[in-house]
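Worksheet: the structure to be examined is printed underneath.
Every number for a ligand or one of its atoms is a count from 1 in the order of the listing.
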Amino acid sequence: MKLWTGRFSKEIDKKTNDFNSSISFDQRMYKEDITGSMAHATMLGATGINSAEDTEKILAGLQDILDDIESGKLQIDPEAEDIHTFTEGELTKRIGDAGKRLHTSRSRNDQVALDIRLTLRNEVDSLIPQLEELIKVLCKKAKDYSEAVMPGYTHMQRAQPIVFGHHLLAYAEMFMRDIDRLSDARKRMNYSPLGSGALAGTTYPIDREMTAKALGFDGACRNSLDGVSDRDFCIELANALSLVMVHLSRFSEEVILWCSWEFKFIELDDAFSTGSSIMPQKKNPDIAELVRGKSGRVFGDLMTLLTVMKGIPLAYNKDMQEDKEAIFDAFDTVRMCLTAFIPMIDTMKVIPENMRKAAAGGFINATDCADFLVGKGLPFRDAYKATGQLVALCIEKGLTLETLPIDEYKAVCDLFDEGVYEAINLEKCVNDRTCLGAPAPQNVRNMANALEAMLNEKD
Ligand code: ARG
């Protein structure tokens with residue numbers, strides 16, 4: 001039975017009903033819908049719009065419905081149009097006429113706008129701890145491997161020496177920004193649309209501040225048209241979630257490279273890798289690949305939301321029902337990815353010897369070699385050129401800067417002396433990179449501790 005039967009002379013076509021219905025995905029908001037209705041009912045009682053007696057019945061009835069859904073006693077009807085219709089219909093079934101007074105001065109338009117804000121607020125509040133957990137794992141690992149020298153890359157070419165811990169903390173910074181972005185979007189979203197009505201508020205003496213406060217909002221939306229038709233927060237959150245996926249995807253790509261035989265910087269735990277049905281030697285980084293792949297879904301969700309919203313006039317239009325599947329999918333996907341990704345990182349075996357070997361083979365101390373000459377008074381550009389000649393020489397002779405005899409050095413530039421070997425020692429090269437944000441092991445340990453302290457402060 002539909003809520004809006006008065007004007008209609010026949011029931012909606014069955015297939016059209018399925019098309020029109022949102023119950024399959026908005027039933028997820030049953031708790032928020034009931035909580036919102038309770039705040040609304042309480043306000044209707046407090047302002048004298050509904051009697052105390054009706055208010056009591058409504059509140060008790062809503063509580064029973066909530067309890068019965070949670071205990072499994074009450075099944076949400078898949079034939080209902082949406083969760084709002086279902087709850088109100090069930091209430092009236094249970095308490096009679098009083099149930100019909102719940103919707104006074106309210107529309108499903110402000111109701112759904114409220115429900116989705118409440119739901120997404122909870123989603124943000126449960127996702128942030130997951131991101132914090134990931135950062136904590138990265139900090140722990142960064143401290144464990146604050147001295148593991150590895151090549152840092154640009155253009156996928158070995159560039160300069162860093163330590164593995166420094167590399168991990170770069171990701172920690174990204175996830176810190178993700179937390180910031182989600183919290184920031186949450187702040188802007190935290191205003192109550194309830195009382196905006198269908199679009200133009202109401203003539204009843206409602207108290208919007210009261211319901212806003214009861215539901216934990218920072219205030220009430222200032223404009224009723226905007227209150228019902230704003231979905232900026234869905235787009236902002238989908239954007240923030242897309243960036244989480246960009247970060248997870250880049251990280252996954254590196255994990256995939258690192259556990260290849262070509263790198264072998266890490267090995268994934270058996271619990272987080274899979275075998276091949278034909279090649280017995282294979283151990284595949286499927287989890288990382290799936291995370292990388294699932295980023296596409298979340299970007300798609302963002303694009304869905306932008307496209308749904310871009311052309312609709314004020315105020316509510318049914319197009320907006322499409323918001324929920326997209327934003328819920330984005331949250332569900334990110335949550336699933338983090339749930340698999342965090343323990344995968346936590347349990348991966350790091351192989352510092354292989355990192356050190358890769359660091360030794362790629363002339364990543366060439367900048368430091370040039371800096372040695374700068375220390376002897378040569379202008380940097382000349383030092384750069386001389387070092388370039390040395391690298392070419394090494395390649396020709398199949399040597400490294402470490403193994404090239406001192407006479408060869410001197411033949412290229414007479415400012416060289418035995419001290420150069422100490423200057424290009426990889427451990428020294430990273431140890432001396434102590435400037436703010438650079439990979440010296442002590443810096444890495446300090447930064448990991450600082451990040452942990454920031455997270456603990458938040459808790
Ligand atoms: N199921 C609808 C949605 O998700 C609820 C609002 C319906 N309002 C309306 N006037 N048809 O947007």
Side-chain angles (χ1 to χ4, degrees), residues 1-8 11-37 39-40 62 65 69 76-92 100 102-123 189 192-202 211 215 221 223-235 237-238 301 304-332:
M1 190 62 171
K2 291 282 165 286
L3 281 179
W4 29 267
T5 44
R7 190 190 190 286
F8 291 80
E11 283 281 319
I12 189 169
D13 172 75
K14 165 81 177 91
K15 287 207 177 79
T16 308
N17 186 47
D18 293 345
F19 180 68
N20 189 50
S21 157
S22 54
I23 192 75
S24 62
F25 48 86
D26 68 14
Q27 58 176 289
R28 165 182 182 137
M29 308 194 297
Y30 73 87
K31 194 167 182 176
E32 289 78 8
D33 191 68
I34 293 174
T35 311
S37 286
H40 180 65
L62 287 169
I65 293 174
I69 294 176
I76 295 172
D77 177 8
E79 295 300 313
E81 184 181 343
D82 54 31
I83 188 64
H84 327 295
T85 319
F86 172 76
T87 322
E88 195 188 321
E90 182 64 27
L91 183 69
T92 304
K100 297 188 199 157
L102 168 64
H103 209 55
T104 313
S105 82
R106 186 175 70 168
S107 155
R108 275 185 299 162
N109 298 350
D110 57 346
Q111 188 176 359
V112 74
L114 172 73
D115 290 4
I116 189 162
R117 282 175 198 240
L118 290 174
T119 306
L120 296 182
R121 209 170 63 178
N122 292 338
E123 295 286 348
M189 164 173 78
S192 170
L194 191 60
S196 299
L199 76 162
T202 176
T211 43
L215 293 166
C221 302
N223 181 299
S224 62
L225 288 176
D226 185 48
V228 290
S229 61
D230 169 31
R231 294 294 184 272
D232 287 2
F233 52 93
C234 295
I235 295 173
L237 289 172
D301 292 328
T304 299
L305 288 163
L306 285 167
T307 313
V308 164
M309 293 307 295
K310 82 172 178 66
I312 49 183
L314 299 184
Y316 179 85
N317 298 265
K318 189 77 170 203
D319 317 40
M320 289 158 76
Q321 179 165 290
E322 290 290 311
D323 60 356
K324 281 170 282 300
E325 278 170 295
I327 192 64
F328 292 163
D329 180 70
F331 270 104
D332 291 345

Subject >> R28 and E123 ion-paired at < 4.0 Å >> reply: yes
Subject >> Carboxylate-amine/guanidinium proximity below 4.0 Å for K324 and D115 >> reply: no
For ligand 1, list every N/O pair with the protein closer than 3.5 Å, one pair per line with the distance.
{"residue": "ligand 1", "atom": "1 (N)", "partner": "S22", "partner atom": "OG", "Å": "3.0"}
{"residue": "ligand 1", "atom": "1 (N)", "partner": "D82", "partner atom": "OD2", "Å": "3.4"}
{"residue": "ligand 1", "atom": "1 (N)", "partner": "Q321", "partner atom": "OE1", "Å": "2.7"}
{"residue": "ligand 1", "atom": "4 (O)", "partner": "K324", "partner atom": "NZ", "Å": "2.6"}
{"residue": "ligand 1", "atom": "8 (N)", "partner": "N109", "partner atom": "OD1", "Å": "3.0"}
{"residue": "ligand 1", "atom": "10 (N)", "partner": "N109", "partner atom": "OD1", "Å": "3.0"}
{"residue": "ligand 1", "atom": "12 (O)", "partner": "Y316", "partner atom": "OH", "Å": "2.5"}

Original post:
Which residue, V308, I116, L120, D301, forms the side chain to side chain contact (heavy atoms under 4.5 Å, CB included) with D323?
Top reply: I116
**OP:** Check the surroundings of atom NZ in K318: do more than 12 heavy atoms from other residues, nucleotides or ligands lie under 6.0 Å from it?
**Re:** yes
Subject >> Straight-line distance of I83 CD1 to S22 OG, nearest 0.5 Å >> reply: 9.0 Å
Original post:
When you check the side-chain N and O atoms of S21 and D18, is any donor under 3.5 Å from an acceptor?
Top reply: no
